[in-house]
Amino acid sequence: MAYRWKNTLSPADVTPEEHFLNRRAFMAGIVGTGAVAATGAAHAMTDEQLIPNTWEEITQYNNFYEFGTGKTDPASYASALNTDNWTIKIDGLVDRPGEYSMDQLTEGLTTEERIYRFRCVEAWAMVIPWNGFELKDILEKAGVQSGAKYVAFETLVRPSEMRGQRLPTLDWPYREGLRLDEANHPLTMMATGIYGKPMPNQNGAPIRLVVPWKYGFKSIKSIVRITLTDEEPPTSWNMANAREYGFYSNVNPKVDHPRWSQASHRVVGGGLFAKREDTLMFNGYEKEVASLYDGMDLTKFF
Ligand SMILES: Nc1nc2c(c(=O)[nH]1)N[C@H]1C(S)=C(S)[C@@H](COP(=O)(O)O)O[C@H]1N2
Ligand SMILES: [Mo]
């Protein structure tokens with residue numbers, strides 16, 4: 001299986017980092033001896049081959065241009081963001097438009113844990129254990145109307161707390177979008193935590209999108225607005241440079257960025273053991289998502 005799937009996680013089950021570290025040791029064959037342990041380890045490798053990056057790696061190496069363009073700017077400056085009384089405005093083609101509080105958005109939903117590959121268009125990658133909800137379940141609360149074909153997302157604009165927004169690095173707000181069938185896919189998440197802890201500001205607190213088969217920039221952070229529409233919405237990186245960044249931005253090792261190859265990537269972390277890996281079609285989620293793009297020319301719709 002390409003990803004780990006848990007549908008029945010209660011808040012009490014949410015797994016601390018130590019568990020992952022123990023599992024990492026277990027999978028590396030460091031813990032346990034004898035035939036039974038060895039068989040168990042082999043099984044774990046086939047079923048759950050993803051070894052998450054450390055909390056440090058995930059929270060100290062980020063892209064969040066609202067806080068600056070450097071990889072450590074988000075960790076340095078995102079603490080200025082106040083996420084109290086957060087709301088998401090859901091509007092457009094929905095039956096129940098309005099400002100939804102975090103409690104309203106997540107009420108009645110069970111927090112899930114998903115360990116996903118994460119691949120930035122800049123050719124680096126991590127594995128991140130997210131906590132959150134399927135986007136589909138959140139959209140259902142607002143009642144998506146039959147004419148809706150796309151979902152548009154916007155990040156908060158608050159230059160007083162987001163120092164990167166005092167510069168015109170991008171045309172704020174940061175915007176992203178998905179086709180409705182992509183948004184409703186069971187892999188598509190709204191994440192509210194990592195390693196069972198609340199989402200750190202630098203990773204997109206309090207709630208962000210996670211679309212594991214697309215380049216990282218599609219996974220928009222600190223969302224304040226979701227709009228259901230019948231037209232493909234404008235998206236920040238496409239607006240900034242349409243030749244280099246398409247609307248779809250599916251991870252594809254065969255379609256290079258105009259300025260670099262996408263055939264492989266650097267794995268973040270690992271210190272002396274840092275390595276490169278081949279990039280997988282749809283970031284390893286081909287079996288799950290390829291049918292969404294049947295008949296589409298992926299070099300044209302990149
Ligand atoms: N609002 C907003 N969302 C954003 C970004 C951003 O600059 N602003 N950067 C994107 C990019 S390029 C990547 S690779 C991921 C990085 O997520 P991470 O820092 O949690 O690894 O966030 C994406 N979401
Ligand atoms: Mo990225």
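Counting convention: from 1, in listed order, for ligands and their atoms alike.
Here Thr155 has side-chain heavy atoms under 4.0 Å from ligand 1, and that is the only part of it that gets that close. If you look at Phe217 next to ligand 1, the close heavy atoms, those under 4.0 Å, come from the backbone and the side chain alike. Residue contacts with ligand 1, taken as heavy atom pairs separated by less than 4.0 Å, do not involve Lys218 at all. Contact annotation for Glu176 and ligand 1: no heavy atom of the residue comes within less than 4.0 Å of the ligand. Counting heavy atoms closer than 4.0 Å to ligand 1, residue Tyr215 contributes nothing at all. At a 4.0 Å heavy-atom cut-off, ligand 1 does not touch Ser222 at all.
In this structure, Phe67 and Phe64 have perpendicular ring planes: the angle between them is above 60°, well past the 30° mark. Relative ring orientation between Trp124 and Tyr61 is described as perpendicular, the plane-to-plane angle rising above 60° on a 0-90° scale split at 30° and 60°.
By the 6.0 Å contact criterion, CG on Asn85 is open, its count of non-hydrogen atoms from other residues, nucleotides or ligands being 12 or less.
Of all protein heavy atoms, the one lying nearest to atom 7 (O) of ligand 1 is Tyr65 N, 2.7 Å. Atom 6 (C) of ligand 1 has Tyr174 CE1, 3.3 Å as its closest protein atom, hydrogens excluded (heavy atom only). The nearest protein atom to atom 21 (O) of ligand 1, hydrogens excluded, is given as Phe118 CE2, 3.8 Å; this is a heavy-atom distance.
Using a 4.0 Å cut-off to heavy atoms of Asn63, the atoms of ligand 1 that qualify are 5 (C), 9 (N), 11 (C), 12 (S), 13 (C), 14 (S), 16 (C), 19 (O), 22 (O). With ligand atoms numbered from 1 in the order given, ligand 1 contributes 3 (N), 24 (N) to contacts under 4.0 Å with heavy atoms of Ile220. Those atoms of ligand 1 with a heavy atom of Ser219 less than 4.0 angstrom away are 22 (O), 23 (C), 24 (N). For ligand 1, the atoms closer than 4.0 angstrom to any heavy atom of Phe64 are 1 (N), 2 (C), 6 (C), 7 (O), 8 (N). Ligand 1 places these atoms under 4.0 Å from at least one heavy atom of Cys120: 14 (S).
Heavy atoms of Arg208 come nearer than 4.0 angstrom to ligand 1 in at least one pair.
Under a 4.0 Å N-O distance rule, the pair Lys221/Glu66 does not qualify as a salt bridge.
An N or O contact shorter than 3.5 Å is missing between Gln202 and ligand 1 by distance. Residue Asn203 has at least one nitrogen or oxygen atom sitting less than 3.5 Å from a nitrogen or oxygen atom of ligand 1, judged on distance alone. Of the polar atoms of Asn62, at least one N or O is found under 3.5 Å from an N or O of ligand 1, judged by distance alone.
Residues Tyr293 and Phe282 place their aromatic rings such that the two centres sit under 6.0 Å apart. Annotation: Tyr285 is not in aromatic contact with Trp213 [ring centroid separation under 6.0 Å not met].
A distance of 13.0 Å separates CD in Glu176 from CD1 in Ile226, rounded to the nearest 0.5 Å. The OG1 atom of Thr54 lies 8.5 Å from the CE atom of Met126; values are rounded to the nearest 0.5 Å. To the nearest 0.5 Å, atoms CD1 (Ile88) and CG (Leu156) are separated by 11.0 Å.
Remark: the Gln165 side chain and the Tyr174 side chain contain no N/O donor-acceptor pair separated by less than 3.5 Å.
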Start with the C-alpha gap between Asn63 and Lys71, add the side-chain angles, then the distance that decides, and say whether side chain to side chain donor-acceptor pair (under 3.5 Å) holds. CA-CA 6 Å; Asn63 275 331; Lys71 292 285 180 281; 2.9 Å; yes
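No donor-acceptor pair closer than 3.5 Å links the side chain of Arg259 to the backbone N or O of Glu244.
Here the shortest heavy-atom distance to atom 22 (O) of ligand 1, taken over Glu66, Lys221, Lys71, Met162, belongs to Lys221.
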